[in-house]
Amino acid sequence: MQKYVCEICGYEYDPEVGDDDSNIPAGTSFDDLPEDWTCPICGAPKDNFVPA
């Protein structure tokens, strides 16, 4: 699955890991994240992420 990187702080969302802080389980693709999901480091919205 495709990883995505926050253009603001450099956080990398890895779908194989998910996001424990937001209760996003491993195996969740970036496209399947909730629309209101934000970067766990800087709070940037999904539209500030680009494919890694």
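Basis for what follows: all heavy atoms, side chains included, without hydrogens, waters or symmetry-related copies.
- The list of side-chain hydrogen bond (donor to acceptor under 3.5 Å, both in side chains) pairs with a residue in residues 34-52, not counting sequence neighbours, reads Asp19-Trp37.
- With sequence neighbours left out, the salt bridge (Lys or Arg N to Asp or Glu O under 4.0 Å) criterion links Glu16 to no other residue.
- Not counting sequence neighbours, Asp14 has no partner by the side chain to side chain donor-acceptor pair (under 3.5 Å) test.
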Would Tyr13 and Cys39 count as a side chain to side chain contact (heavy atoms under 4.5 Å, CB included) if you check the C-alpha gap in whole Å, the side-chain angles of each, and the deciding distance to 0.1 Å?
-> CA-CA 8 Å; Tyr13 176 75; Cys39 176; over 6 Å; no
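- Cluster partners of Val5: none. The rule joins Ile, Leu, Val, Met, Phe, Trp and Tyr whenever side-chain heavy atoms lie under 4.5 Å apart, and it links nothing here.
- Summarising the geometry, atom CD belonging to Gln2 is positioned 9.5 Å from atom CG belonging to Asp31; distances are rounded to the nearest 0.5 Å.
- Residues meeting the ring pair (Phe, Tyr, Trp, His ring centres under 6.0 Å) test with Tyr4, sequence neighbours left out: Phe30.
- For Glu12, the salt bridge (Lys or Arg N to Asp or Glu O under 4.0 Å) partners two or more places apart in sequence, or in a different chain, are Lys3.
- Two residues are said to be in side-chain contact when any heavy atoms from C-beta on lie closer than 4.5 Å; Cys42 and Ile8 meet this criterion.
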